[in-house]
Structure formats: C-alpha cells, structure tokens
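Some notes on the structure that comes next.
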Amino acid sequence: MDRGSKGKKNIERLKIPRQRMRGQDPKVRIHNFDEVPFGYSSEQAVLEATRCLQCKKAPCISGCPVEIDIPAFLELIEEGDFLAAAAKVKEANALPSICGRVCPQEEQCELICIIGKKGEPVNIGKLEAFVADYERKTGKVTVPDIAPSTGKRVAIVGSGPAGLTAASELARMGHEVTVFEALHMPGGVLVYGIPEFRLPNDIIEQELTILEKMGVKIIVNSVIGKIDTIDELLTNGFDAVFVGAGAGLPYFMNIPGENLNGVYSANEFLTRINLMGAYRFPEYMTPVKVGKRVAVIGGGNTAMDGARSSLRLGPEEVRIIYRRTRAEAPARDEEIEHAIEEGVIFQFLTAPTRYLGDEEGWLTAMEIQKMELGEPDASGRRRPVPIPGSEEIVPVDTVVVAIGFGVNPLILDSTPDMSISHRGVVLVDEETGMTSKPGVFAGGDIITGGSTVILAMGQGKRAARGIDRYLKGEITKAEIKTP
Ligand code: FAD
Ligand code: SF4
C-alpha cells in the first residue's frame, strides 16, 4: 500500500483543485511593503496536502536540493499534526519559513511532482512555509539540542544563508561558533536584498534568535580582510574558518553614462530600501529618489525585486528591460507574475546602449536597442544579438542595473593562498567544502557566483560536516578538481 493512502483513494485526491493562495490586492499592495501572500489557512493546507498521492518512489524528494521527505511532511499536514510536519521538514532544512517563500520550487520539487504531469503540482513550497509559520505563530519553535562542548572554535565570515546554516550545524556539533558580519545587520541578501513584501525581516530575526540561544555569537560591523584577515583569525585562536561572504559586487554593462546620478546598482538601491528604510523617509534618513519613470535592467529575481520595490515608491511607470525573452528570464515564475499583476511593464529583447544626462549630471534618458535570439551561449541560453538601426531614445529618471554579481575582491586579495577559478569564485573540495587553504572552508555565492538560497544552505551544511571532520583530524587538506 502506498504511504498515506489509508483514507482517501487517489481518484478522490486528484479531484481536489490546487488551493489558491489569498493575498493582498495588487492595487493595494503597490502602496505598501507588507508581505503579498497571506499564507494558507489550516483548512486550505490540509486540502492541499491531501492532493499528494504519497508516491512510493516520491520523485519530488530528489528534486529538493536538501532532500526533504516531502510526502512524509505532507501526510502529517493531512493528519492535522502541523508541529510534527514542521519538525519533519526541519530534519533536512533549518530555514523552512525562508525557503518556503523564496525557493524556485517550480524548477525543483514541484517540477517533477507526479500530479504536475497532467495538472497542477502540489504546492509544496507554500505548505513548507505554512508549517514553519504555524510553529512560529504558536510560539512552539524548539531550539535544537547541542552536543557537549568540543572546545574547538570556528569563525564564520558572512551571515547569509550559507554562513547561518554552517553556524547552526557547527553549534549543534558542540563547537564554539563566532559569526563576523560586515554590515550592521546579520542575514545577508535575506535582509538587504530580498524585500519585506517577499520575505519579512521578522522571520530572519526569529532564526537569528534561535542561533543566539544555541550559543552562536554574531559580531556585526566586522569586515574580515580589514579588521582581521583570515590568517589572523586562525592565529588568534580559531581552529577553522568558514567563508560565506557571498557575491555582492554588482556588475555593470560598461556603457556610456553609467556614472550619472540616478543610475543605481540593484545592490545599492535595494540596500537603501530594505536595510536603511529609505521607503520610510524621513523617519529613516536614507532617501532614494525614483522620479517619474524607472527602468530596471535584467531578468532575474534581483530585477523583479528592484522593479517591485521602486513601484512602491510612487513613480508613474516602471519598466523591466531584458535582452532575452520571458522564457529565458531566470526570475521565479511567481515574481514575474506578481510584477505583471502590479503593473510593471516588460520590454523583452531589448537592451540599453547608453544613458544621457543634463548638465548637472542627472540621468534624463536612455538609448535602447532591439535584440533577436541567436545561437546558444555558454549558459545554454540563446545569445541575444543586437538588431542594427533599431536604437531609440526614451526618457527615464531612474535606472536600476540588475545584471548579476561577482565576488568582492577584499577577502580574495587578503588571502592570496586561497585558490580561485578563472571566473573569480573560490575553489573548494566537492566533498568537504575545504578550500586550497587547510582549515579554511567556503560555501554559498562565493563559490558559485550568484545562485540560490537553498544551494547556499546546502553548501554551508556540507562545509560544517567537513569542518567537523577536520577538527577531529580525519582530513587535513582539500582535493580540488580544477574546472
Ligand atoms: P549572502 O546572502 O550574500 O551573504 C553574505 C554575507 O557576507 C553578507 O551579509 C555580507 O555583508 C557578508 N560579507 C561580505 N564580505 C564580508 C567580509 N569581508 N567580512 C564579513 N562579512 C562579509 N535566491 C533564491 O533562492 N530565491 C530568491 O527569490 C532570491 N532572490 C534574490 C533577490 C536578490 C535581490 C538577490 C541579490 C539575490 C536573490 N537570491 C535568491 C539569491 C540568494 O539570495 C543568494 O544566492 C544567497 O543569499 C547566497 O547566500 P550567501 O550566504 O552565499 O551570501
Ligand atoms: Fe506527493 Fe507529488 Fe511528491 Fe508524489 S511527487 S509524493 S504526489 S508531492
């Protein structure tokens, strides 16, 4: 008998429609930064979980980068045991309320859910967020058990999902963990990049509180490479270091006019809004000027966040300018859908070629050019090719450039014996996460370039296991395959 097929027959399960998520009306939400979806009610969650066929081989599990036992937690929801369902998810994923909101489920577990072959897959992501929220709202979040102290000290550089996951795993193993964060608030992209209407900051604060209860020390305003180098951490009493400093260096297109006032990197724009409260100016003292017409360059999650955040600051028009088509856009489907609902205009197969300004150095217009798709490039996606003579000048007051990120050189320059690839990312042992520098491990965007929260977490977890083995003397150096 299939797991959970006790009560209902599959034919009855298949008749249940995918439960629609209630949320703020687009006309209302473009005037606030509150979270867009309201989340499932308990009744909706039970119905949605009951759609699962409890497949014996459960393909969805292999689609999840951290292999959550999806049918098992869905069965617990169906039975109404939401706390047990949350505990089941947390066996594999330490940050379910975050992943349930921001993971690209449509490319992972939900892509291969059996029901999705003929209809709509089970809404695994929203159910993951539901159980984690239920646990949080009922005040029943548990602090994981900590093993007896090993007397070993580990430094973590960066407090994004990679660093926080490594910190949590290492603390559970009994190691003393100190996290060094360059900014004045911990959380990495989860707090300074992803806006409040997608991922409320109080969810991250809750995760940080749990880490602190586990004994993890978080020191903010500490730029490693400036206050101390990684070598100094190792000589000042730390037995190992995990580097999860992300990829926060914004790319620009290197076209004329990018230094005009009004042209922002997405990084600066979103940090001003999310971390420095620009949308609550003058209550917070960091304004951000958007003018009447905003153009956001790019097709990823960062571009959608830039567009939807600027929309909430009151311009007349916000446009996404993307050089490929919607099919190639790397943003999550839900983000694109939400942006369309909110009135963001999409201009596909178009790229800027230069920006124009007034005599005081303020942006006034941009030249854009039409593209067509040519042969696939190294990423496997068809290369955009400019169409000569298709240029036009359009007025614009603010441009947000969201075309990707590279690794900040500070740590790399201050740790020259840590090998990097030709792409400028840190090279690690695929099994342990150790870098070419013994005792120094790395994970997250610093080893992949801009990636996803769940992959950064998976790499934080892998490195924590590697660090534990290193501290026990089971491994001494990395086996690095040169790409
Ligand atoms: P980060 O989250 O970048 O954290 C690194 C931390 O290290 C930062 O806090 C930084 O300040 C700190 N740091 C850097 N240098 C130093 C130093 N020298 N000393 C001390 N601290 C340092 N992924 C998804 O899965 N879904 C999404 O919807 C999604 N949306 C995104 C939206 C935006 C706007 C952006 C920018 C990214 C998005 N991503 C999304 C990608 C995802 O957020 C990243 O892949 C992930 O955060 C990487 O985690 P990390 O821990 O490696 O790095
Ligand atoms: Fe349930 Fe879909 Fe996973 Fe099958 S593939 S176990 S139906 S979630």
Side-chain angles (χ1 to χ4, degrees), residues 2-4 10 13-14 49 51-64 69-72 74-75 98-99 101-104 109-110 112-117 121-124 127 156-166 179-195 198-199 219-230 243-250 266-267 269-271 274 300-306 309 331-332 334-335 402 404-405 407-408 410-411 414 442-457 459-460:
D2 285 359
R3 286 198 279 183
N10 281 354
R13 293 174 184 273
L14 288 168
R51 295 180 65 228
C52 172
L53 303 181
Q54 296 291 323
C55 314
K56 255 187 210 149
K57 291 201 174 136
C60 51
I61 299 180
S62 60
C64 171
D69 189 343
I70 293 167
L74 296 184
E75 184 172 37
I98 295 170
C99 292
R101 285 173 167 82
V102 304
C103 273
C109 53
E110 292 182 22
I112 45 181
C113 166
I114 233 78
I115 305 180
K117 289 206 168 142
V122 177
N123 200 336
I124 301 167
L127 288 170
I156 309 264
V157 182
S159 63
L164 295 182
T165 307
V179 180
F180 295 94
E181 168 54 48
L183 295 174
H184 66 278
M185 259 176 79
V189 169
L190 304 178
V191 286
Y192 76 73
I194 303 181
R198 267 211 305 134
L199 180 61
I219 306 181
V220 293
N221 297 317
S222 303
V223 184
I224 299 303
K226 278 206 170 148
I227 56 153
D228 273 330
T229 61
I230 288 177
V243 188
L249 186 73
N267 210 342
F269 188 76
L270 289 168
T271 304
N274 296 327
N301 288 320
T302 312
M304 301 308 135
D305 286 343
S309 298
R332 298 174 69 226
E334 187 180 30
E335 308 319 325
F405 300 93
V407 172
N408 191 306
L410 185 62
I411 290 204
S414 58
D445 282 3
I446 197 167
I447 69 164
T448 50
S451 178
T452 60
V453 170
I454 193 76
L455 290 177
M457 288 175 59
Q459 289 151 6

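The model shown is predicted, which means the values in this text are computed figures rather than measured ones. All ligand and atom numbering here is 1-based and tracks the order in the structure.
Remark: distances from the non-hydrogen atoms of G244 to ligand 1 include one below 4.0 Å. G450 does not count as a contact of ligand 1, since none of its heavy atoms falls under 4.0 Å from the ligand. Heavy atoms of M457 come nearer than 4.0 angstrom to ligand 1 in no pair at all.
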Going through the distances and angles, do D69 and I61 end up as a side-chain contact (heavy atoms from CB on, under 4.5 Å)?
CA-CA 6 Å; D69 189 343; I61 299 180; 3.8 Å; yes
L14 vs L53, test: side-chain contact (heavy atoms from CB on, under 4.5 Å). Steps then yes/no.
CA-CA 8 Å; L14 288 168; L53 303 181; 4.1 Å; yes
Going through the checks in order, is the side-chain contact (heavy atoms from CB on, under 4.5 Å) test met by F180 and D228?
CA-CA 10 Å; F180 295 94; D228 273 330; 5.7 Å; no
Mind running side-chain contact (heavy atoms from CB on, under 4.5 Å) on I98 and M457 for me, showing each step along the way?
CA-CA 11 Å; I98 295 170; M457 288 175 59; over 6 Å; no
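For ligand 1, the atoms sitting less than 4.0 Å from at least one non-hydrogen atom of G246 are 3 (O), 5 (C), 52 (O), 53 (O), numbered in the order shown with element in parentheses. For ligand 1 and G188, the ligand atoms under 4.0 Å from any heavy atom of the residue are 2 (O), 4 (O), 8 (C), 9 (O). Atom numbering of ligand 1 starts at 1 in the shown order; those under 4.0 Å from a heavy atom of F180 are 20 (C), 21 (N). Within ligand 1, the atoms closer than 4.0 Å to a non-hydrogen atom of R332 are 28 (O), numbered from 1 in the order shown. For ligand 1 and A456, the ligand atoms under 4.0 Å from any heavy atom of the residue are 48 (C), 49 (O). Counting atoms of ligand 1 from 1 in the listed order, those under 4.0 Å from a heavy atom of I194 are 29 (C), 30 (N), 31 (C), 32 (C). The atoms of ligand 1 that sit less than 4.0 Å from any heavy atom of G444 are 52 (O). Annotation for ligand 1: atoms under 4.0 Å from non-hydrogen atoms of T302 are 33 (C), 34 (C), 35 (C), 36 (C).
The closest protein non-hydrogen atom to atom 40 (C) of ligand 1 is N301 ND2, 4.1 Å. Nearest protein heavy-atom contact of atom 3 (O) of ligand 1 is V189 CG2, 3.4 Å. Looking only at protein heavy atoms, the nearest one to atom 4 (O) of ligand 1 is G160 CA, 3.4 Å. For atom 41 (C) of ligand 1, the nearest protein heavy atom (residue, atom name, distance) is S451 O, 3.3 Å. For atom 7 (O) of ligand 1, the nearest protein heavy atom (residue, atom name, distance) is G158 CA, 3.2 Å. Looking only at heavy atoms of the protein, atom 12 (C) of ligand 1 is closest to E181 OE1, 3.4 Å. Closest to atom 26 (N) of ligand 1, if we only count protein heavy atoms, is V102 O, 2.6 Å. Among protein heavy atoms, the minimum distance from atom 22 (C) of ligand 1 is reached at A182 CB, 3.6 Å.
Checked against a 3.5 angstrom limit, the closest N/O atoms of I224 and ligand 1 fall inside it. Polar contact check, P161 against ligand 1: a nitrogen or oxygen pair lies under 3.5 Å apart. Considering both main-chain and side-chain atoms, V453 comes within under 3.5 Å of ligand 1 through a nitrogen or oxygen pair.
Here the shortest heavy-atom distance to atom 52 (O) of ligand 1, taken over V223, D305, D445, belongs to D445. The residue from P250, A245, G187 that puts a heavy atom closest to atom 13 (N) of ligand 1 is A245.
Contacts of S222 with ligand 1, taken as heavy-atom pairs under 4.0 Å, involve the backbone alone. Using a 4.0 Å cut-off between heavy atoms, F405 contacts ligand 1 through its side chain alone, with no backbone atom that close. The side chain of L270, and not its backbone, has at least one atom closer than 4.0 Å to an atom of ligand 1 (non-hydrogen atoms only; side chain from C-beta on). Proximity of A162 to ligand 1, defined as any heavy-atom pair under 4.0 Å, is shared by backbone and side chain alike. Contacts of R198 with ligand 1, taken as heavy-atom pairs under 4.0 Å, involve the side chain alone. The proximity of I411 to ligand 1, defined as any non-hydrogen pair under 4.0 Å, is limited to the side chain. At a 4.0 Å heavy-atom cut-off, ligand 1 does not touch E335 at all.
Once rounded to the nearest 0.5 Å, the distance linking CG of N408 with CG of D445 reads 12.5 Å. Residue I70 holds its CD1 atom at 10.5 Å from SG of C55, rounded to the nearest 0.5 Å. Note that CD1 of I224 is 10.0 Å distant from CD of E181, once rounded to the nearest 0.5 Å. Here the SG-CG distance, from C99 to L199, works out to 9.5 Å after rounding to the nearest 0.5 Å. Expressed to the nearest 0.5 Å, how far OG of S222 lies from CG of L183 amounts to 10.5 Å. Separation of atoms CD1 (I112) and CD (E110) is listed at 11.0 Å; rounding is to 0.5 Å.
Closest non-hydrogen pair, V191 versus P186, comes out as CG2-O, 3.4 Å. Nearest heavy-atom pair, I447 versus A442, reported as atom, atom and distance to 0.1 Å: CG2-CB, 3.7 Å. Between G193 and D305, the closest heavy-atom pair is O-OD2, 4.2 Å. Minimum heavy-atom separation, V122 to R51: CA-NH1, 3.6 Å. For A331 against M304, the heavy-atom pair with the smallest separation is CB-CG, 3.7 Å. Taking each heavy atom of A49 and L74 in turn, the nearest pair found is CB-O, 3.4 Å.
Using modelled atom types, one side-chain atom of N267 and one backbone atom of G248 make a donor-acceptor pair closer than 3.5 Å. Listed for the T448 side chain is a donor-acceptor partner under 3.5 Å among the backbone atoms of G444. In this structure, the side chain of S309 does not engage the main chain of G306 through any donor-acceptor pair within 3.5 Å.
Note on atom 4 (Fe) of ligand 2: protein N/O/S atoms under 2.8 Å are C55 SG.
Two residues are said to be in side-chain contact when any heavy atoms from C-beta on lie closer than 4.5 Å; S414 and I230 fail this criterion.
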